[in-house]
Amino acid sequence: MQIFKVGGVVRDRLLGIPVTDVDRVVVGATTEEMLAQGFRPVGADFPVFLHPKTGEEYALARTERKSGRGYGGFTFHASPDVTLEEDLIRRDLTINAMAEDDQQNLTDPYHGQRDLEARILRHVSPAFAEDPLRVLRVARFAARYASLGFTVAPETLELMRQLSESGELQALTAERSWKEISRALMEDQPQVFIQVLRDCGALKELMPEVDALFGVPQPEVHHPEIDTGLHTLSVLEQSALHKQPLTVRWACLLHDLGKGLTPEEEWPRHIAHEHTGLKLIKAVNERFKAPKDCQELALLVGKYHTHCHRALELKASTLLELLQSFDVYRRPQRFEEFIGACEMDARGRKGLEQRSYPQADYLRGAAQAAREVAVQPLLEKGFKGPELGEALKRERLKALKAYKDEASA
Ligand code: CTP
């Protein structure tokens with residue numbers, strides 16, 4: 001048997017990028033031989049094994065043929081007569097279809113190295129279409145390598161368009177899609193992921209609510225970029241520049257969905273978009289089974305982002321309601337993420353990226369003032385149960401009034 005490193009490890013070594021996980025392909029071996037050498041099989045369906053000592057992945061060279069819709073619709077052919085070239089041709093991109101042996105001798109039948117140098121993401125063969133997840137993968141690689149100058153080859157974008165139009169993306173499971181989406185959002189240029197999905201028509205299939213924002217105008221005084229879709233891309237871009245966590249990036253992507261529902265005659269104003277957007281945010285959250293913290297923050301940011309922008313004008317009672325809705329007493333981190341997302345929203349506007357955002361510290365101070373109200377004195381006065389809750393609220397309101405007065409003095 002012959003063993004080669006394949007895929008990301010070869011690509012990233014040639015790019016000079018640190019390599020995290022190493023995949024290997026085994027040519028000329030049978031399952032029985034692998035088991036006899038102590039390799040442990042992974043799952044029942046794939047001819048993939050873990051090394052007995054290192055735990056790294058070794059896959060038997062295989063060909064794949066699609067036999068039906070969705071990811072289940074595959075038949076595999078793995079046998080000792082499958083060549084390295086046959087294994088590589090079924091892979092997604094030329095830059096991912098290179099292999100090397102232990103001496104770093106490169107096998108590159110589909111010109112991955114040439115495309116690496118030309119900074120092009122190009123599919124290897126029509127077999128690309130056998131896994132529609134690859135549409136998301138290409139968009140994710142475009143986001144990851146955008147700063148190196150990579151773009152998607154026109155013929156690959158065309159194939160991605162055909163796959164999107166065929167309805168195949170609907171067959172992807174929430175789990176597989178979320179894995180790609182969440183990884184793409186954590187790249188340095190997550191806005192490129194959304195842009196590429198839009199360019200090939202996949203955004204309309206996966207997140208029509210986000211796609212609908214393109215072409216929707218906003219008032220130029222607040223939004224010099226005008227277009228809501230472009231604004232959303234800028235907010236995402238800011239979220240990466242400011243190294244925000246996944247929860248914040250997800251909330252940034254979904255914060256303005258309500259604007260896609262505004263009747264045209266009301267443009268460019270979007271009255272109550274915070275409220276109308278909630279059902280859309282919920283639908284996207286559930287479609288991809290986003291983790292609970294992402295779902296929660298997206299809904300809260302959708303509902304309250306305008307409150308944050310107007311923080312300095314809010315009455316003490318409204319401030320209190322906001323803090324109560326966030327349960328800032330027990331969930332300080334979530335409130336901090338909310339402020340982060342709103343700040344990205346404020347900066348994700350053309351020419352306003354460097355603006356100051358005093359609302360952030362103002363709200364942090366308000367939360368602190370409310371948190372400092374002590375429970376003990378109220379307990380000593382004999383308050384308990386719901387009355388204690390009411391008394392706490394009154395004291396917090398007092399504290400917020402004092403905080404407001406001091407801030408405006
Ligand atoms: N691959 C593919 N189609 C997929 C998934 C994977 O062709 N839907 C192939 C590619 O050759 C890829 C390799 O399997 O390079 C390993 O896949 P994976 O570990 O998911 O990705 P990497 O390319 O290693 O990239 P990353 O750095 O994102 O892990």
Side-chain angles (χ1 to χ4, degrees), residues 135-148 150-152 177-200 202-204 206-216 218 222-260 273-274 277 280-281 284-285 287-288 290-291 293-295 297-302 305-306 308-309 337-355 357 360:
V135 172
L136 283 82
R137 279 176 62 89
V138 174
R140 172 165 69 78
F141 284 118
R144 182 191 290 177
Y145 298 131
S147 55
L148 297 177
F150 275 82
T151 55
V152 182
S177 300
W178 177 256
K179 204 167 160 212
E180 289 302 321
I181 293 167
S182 55
R183 289 184 73 185
L185 290 178
M186 290 314 289
E187 296 292 353
D188 284 348
Q189 305 218 36
Q191 77 282 6
V192 173
F193 174 70
I194 301 297
Q195 182 68 57
V196 169
L197 290 181
R198 177 168 150 74
D199 291 345
C200 70
L203 192 60
K204 202 162 59 207
L206 296 166
M207 300 185 202
E209 301 86 350
V210 176
D211 195 63
L213 300 178
F214 290 85
V216 173
Q218 308 164 97
H222 302 302
H223 285 281
E225 72 287 348
I226 300 178
D227 187 278
T228 312
L230 295 183
H231 164 61
T232 301
L233 295 182
S234 301
V235 178
L236 260 188
E237 185 178 1
Q238 288 298 318
S239 74
L241 275 171
H242 290 265
K243 307 274 179 238
Q244 297 288 355
L246 178 63
T247 45
V248 172
R249 298 184 191 204
W250 182 240
C252 285
L253 178 63
L254 305 186
H255 78 285
D256 262 349
L257 293 189
K259 290 183 179 173
H273 73 276
E274 303 85 349
L280 303 186
I281 297 174
V284 182
N285 270 338
R287 184 173 316 138
F288 298 108
D293 54 350
C294 288
Q295 296 209 16
L297 191 72
L299 285 165
L300 286 165
V301 170
H305 60 277
T306 321
C308 189
H309 299 329
E337 290 176 3
F338 163 71
I339 294 174
C342 296
E343 183 169 347
M344 300 308 105
D345 176 22
R347 291 182 190 279
R349 303 172 192 217
K350 199 170 161 214
L352 298 173
E353 295 83 358
Q354 306 299 331
R355 79 200 304 190
Y357 193 68

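- Rounded to the nearest 0.5 angstrom, S182 OG and R249 CZ are separated by 11.5 Å.
- N285 contributes a side-chain N or O that, together with a main-chain N or O of Q295, makes up a donor-acceptor pair within less than 3.5 Å.
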Extract all donor-acceptor atom pairs below 3.5 Å that involve side chains of residues 184-198 and protein atoms in other chains or at least two apart in sequence.
residue	atom	partner	partner atom	Å
E187	OE2	R144	NE	3.1
Q189	OE1	Q191	NE2	3.0
Q195	NE2	D199	OD1	3.0

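- Of all non-hydrogen atoms in S177 and L136, the two that sit nearest each other are O-CD2, 4.0 Å.
- Between D345 and H305, the shortest heavy-atom distance links the atoms OD2-CD2, 3.6 Å.
- In this structure the side chain of C294 never reaches within 4.5 angstrom of the side chain of F288, judged on heavy atoms.
- Across every non-hydrogen atom of I281 and L299, the tightest pair is CG2-CD2, 3.8 Å.
- Side-chain contact annotation: H222 with H231, donor-acceptor N/O pair under 3.5 Å absent.
- Contact between W250 and V284 at its shortest, heavy atoms only, is CH2-CG1, 3.8 Å.
- The shortest side-chain heavy-atom distance between R347 and L241 does not fall under the 4.5 Å cut-off.
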Test side chain to side chain contact (heavy atoms under 4.5 Å, CB included) on E337 and D293 and set out the steps. CA-CA 10 Å; E337 290 176 3; D293 54 350; 5.8 Å; no
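- Residues V216 and K259 approach most closely at CG1-O, 3.5 Å, considering heavy atoms.
- To the nearest 0.5 Å, atom CZ of residue R287 and atom CH2 of residue W178 are 12.5 Å apart.
- Atom NE2 of H273 sits about 4.5 Å away from atom OG1 of T306, to the nearest 0.5 Å.
- For the atom pair D227 CG and K350 NZ, the distance stands at 11.5 Å (nearest 0.5 Å).
- Between E225 and Q218, the closest side-chain pair of non-hydrogen atoms falls below 4.5 Å.
- Looking at C342 and H309, their side chains come closer than 4.5 Å, going by heavy atoms from C-beta outward.
- The distance from the SG atom of C252 to the CG atom of L233 is 12.0 Å, given to the nearest 0.5 Å.
- Contacts of E237 classified as salt bridge (Lys or Arg N to Asp or Glu O under 4.0 Å), with partners at least two apart in sequence or in another chain: none.
- In this structure, the ring-ring contact (aromatic ring centres under 6.0 Å, His included) partners of F338, at least two apart in sequence or on a different chain, are F326, F335.
- A pairwise comparison of heavy atoms in L253 and T232 identifies O-CG2, 3.6 Å as the closest pair.
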